[in-house]
Amino acid sequence: MKAKTLSSELPSEVESLVRETVSRITTSGGRVVGAIGFSQGTRVVAGLLRGVQIKARTGARSEDWMASFAFGLCVCGSHPLPLVPAGVLGCPEVVALGDVKRDEVLQEKIAMPMLHVQGSRDVGKSMEDELIQVHFEVANGCSEVVEWDMGHHYPMRVKESEKMRDWLVCQLERVDAEREIGV
């Protein structure tokens, strides 16, 4: 019996948009090191990080545009199914795993730094709770979950915005330090 699918495929239009945006930024001398998503966008962020992890786990050599994603920020997450880029799912190294091993790799929790911002009054909070519980490693420098008194919207209080800023700055410093030492 095949295991329950824990990831879905990122729509090709969205994958193309993200790929082209990353390319435009990097060819102009910039860097893309993380992703931020709100509501349904958290599925994209989760899928991108899962894709990076799948590439690393399988040694996949294609889809280099994803290589620099090192962390994510999810605000008011929704439906608990990450959207993994089809390019990753179709990599020869991933396809060669076979169904059982492939499902095992797809079911591994995402063990990359992620800040999950939840609203205590968000009607979709139970969906984000499930997304976090099923798909993310919470601890050991991986996912951090904060819950604030708000609904389904971006935090509006200065203190909350500063917490997100500080977390992002910390991640950027970590990425830069790892880049310096060649990690």
Side-chain angles (χ1 to χ4, degrees), residues 5-97 102 105-117 128 131-132 135-137 141-144 154-155 161 164-183:
T5 301
L6 291 179
S7 292
S8 191
E9 195 172 291
L10 184 65
S12 60
E13 302 85 12
V14 177
E15 182 174 347
S16 293
L17 177 65
V18 175
R19 179 192 310 263
E20 290 164 9
T21 302
V22 169
S23 176
R24 187 179 74 249
I25 292 168
T26 56
T27 58
S28 68
R31 293 187 305 154
V32 175
V33 294
I36 298 174
F38 171 77
S39 192
Q40 290 290 326
T42 61
R43 296 176 66 199
V44 175
V45 173
L48 290 171
L49 295 186
R50 174 158 281 154
V52 170
Q53 190 166 293
I54 291 168
K55 279 179 50 65
R57 174 90 155 77
T58 62
R61 293 181 298 270
S62 59
E63 303 304 308
D64 290 338
W65 64 274
M66 297 180 61
S68 62
F69 285 103
F71 61 87
L73 169 62
C74 288
V75 178
C76 295
S78 68
H79 190 277
L81 201 57
L83 298 171
V84 179
V88 171
L89 298 175
C91 286
E93 297 87 351
V94 174
V95 173
L97 294 174
R102 181 177 179 268
V105 169
L106 288 173
Q107 291 176 32
E108 289 178 0
K109 289 193 175 195
I110 300 166
M112 298 175 71
M114 174 77 80
L115 178 62
H116 299 272
V117 175
E128 183 167 25
L131 175 75
I132 295 165
H135 298 285
F136 287 92
E137 186 65 45
C142 297
S143 285
E144 178 181 341
Y154 258 85
S161 294
M164 292 189 311
R165 177 205 61 206
D166 293 347
W167 187 87
L168 288 167
V169 167
C170 180
Q171 295 310 308
L172 291 169
E173 289 171 348
R174 178 188 57 81
V175 168
D176 285 344
E178 289 174 356
R179 186 176 178 200
E180 264 184 44
I181 61 172
V183 175

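Just so you know, these numbers use all the heavy atoms, side chains as well, and skip hydrogens, waters and symmetry mates.
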Query raised in the report: How would you list, by chain and number, every residue that makes a side-chain contact (heavy atoms from CB on, under 4.5 Å) with Ala56, sequence neighbours excluded?
Result: none
Query - Residues in side-chain hydrogen bond (donor to acceptor under 3.5 Å, both in side chains) contact with Arg31, at least two apart in sequence or another chain - result: Asp176
Requested in this report: Drop me the distance from Ser143's OG to Leu49's CG, to the nearest 0.5 angstrom.
Outcome: 8.5 Å
Requested in this report: Check whether any side-chain heavy atom of Leu168 sits under 4.5 Å from a side-chain heavy atom of Leu115, and report yes or no.
Outcome: no
Requested in this report: Go through the structure and list residues passing salt bridge (Lys or Arg N to Asp or Glu O under 4.0 Å) with Glu20, not counting sequence neighbours.
Outcome: none
Report summary line: Nearest heavy-atom contact between Ser39 and Thr42 is O-OG1, 2.6 Å
Query raised in the report: With sequence neighbours left out, what residues match Val44 under side-chain contact (heavy atoms from CB on, under 4.5 Å)?
Result: Leu10, Val14, Leu48, Leu83
Query - Nearest heavy-atom neighbours spanning Phe69 and Ala35 - result: CE2-CB, 3.9 Å
Query raised in the report: How would you list all residue pairs meeting salt bridge (Lys or Arg N to Asp or Glu O under 4.0 Å) that involve residues 74-96, not counting sequence neighbours?
Result: Arg61-Glu93
Query - Residues Val32, Thr21; criterion side chain to side chain contact (heavy atoms under 4.5 Å, CB included); working and verdict - result: CA-CA 9 Å; Val32 175; Thr21 302; over 6 Å; no
Query raised in the report: Is the shortest heavy-atom distance from the side chain of Cys91 to the side chain of Thr58 under 4.5 Å?
Result: no
Query raised in the report: Among all residues two or more places apart in sequence or in another chain, which pass the ring-ring contact (aromatic ring centres under 6.0 Å, His included) test with Phe38?
Result: His152, Tyr154
Query - Pairing residues for Ser78 by the side-chain hydrogen bond (donor to acceptor under 3.5 Å, both in side chains) criterion, not counting sequence neighbours - result: Gln40
Report task. Start with the C-alpha gap between Asp64 and Lys55, add the side-chain angles, then the distance that decides, and say whether side chain to side chain contact (heavy atoms under 4.5 Å, CB included) holds. Result -> CA-CA 9 Å; Asp64 290 338; Lys55 279 179 50 65; 4.1 Å; yes
Report summary line: Sequence neighbours excluded, the answer for salt bridge (Lys or Arg N to Asp or Glu O under 4.0 Å) partners of Arg57 is Glu104, Glu108
Query - Check: Trp65 and Glu63 side chains under 4.5 Å, non-hydrogen atoms - result: yes
Query raised in the report: Looking at residues at least two apart in the chain, or sitting in another chain, which of them share a side-chain contact (heavy atoms from CB on, under 4.5 Å) with Leu172?
Result: Val33, Phe71
Query raised in the report: Quick one: CD1 on Ile110 to CD1 on Ile54, what's the gap to the nearest 0.5 Å?
Result: 8.5 Å
Report task. Quick one: list whatever passes side-chain contact (heavy atoms from CB on, under 4.5 Å) with Cys170, sequence neighbours left out. Result -> none
Query raised in the report: For Leu73 and Met114, which heavy atoms make the closest approach, and how far apart are they?
Result: N-SD, 3.6 Å
Query raised in the report: Would you say the side chains of Arg174 and Gln171 form a donor-acceptor pair under 3.5 Å?
Result: yes
Query raised in the report: Which heavy atom of Gln53 sits nearest a heavy atom of Ala111, and at what distance?
Result: OE1-N, 2.8 Å
Report summary line: Heavy atoms of Leu81 and Leu131 approach each other most closely as N-CD1, 4.2 Å
Requested in this report: Would you please name every residue forming a salt bridge (Lys or Arg N to Asp or Glu O under 4.0 Å) with Glu15, sequence neighbours left out?
Outcome: Arg19
Requested in this report: Test His135 against every option in Lys109, Gln107, Arg50 by the side-chain hydrogen bond (donor to acceptor under 3.5 Å, both in side chains) rule and name the one that passes.
Outcome: Arg50
Requested in this report: Heavy atoms only: give me the nearest Pro155-Ser161 pair and the separation to one decimal.
Outcome: O-OG, 4.0 Å
Report task. Could you list all the salt bridge (Lys or Arg N to Asp or Glu O under 4.0 Å) pairs where at least one residue sits in residues 33-46, not counting sequence neighbours? Result -> none
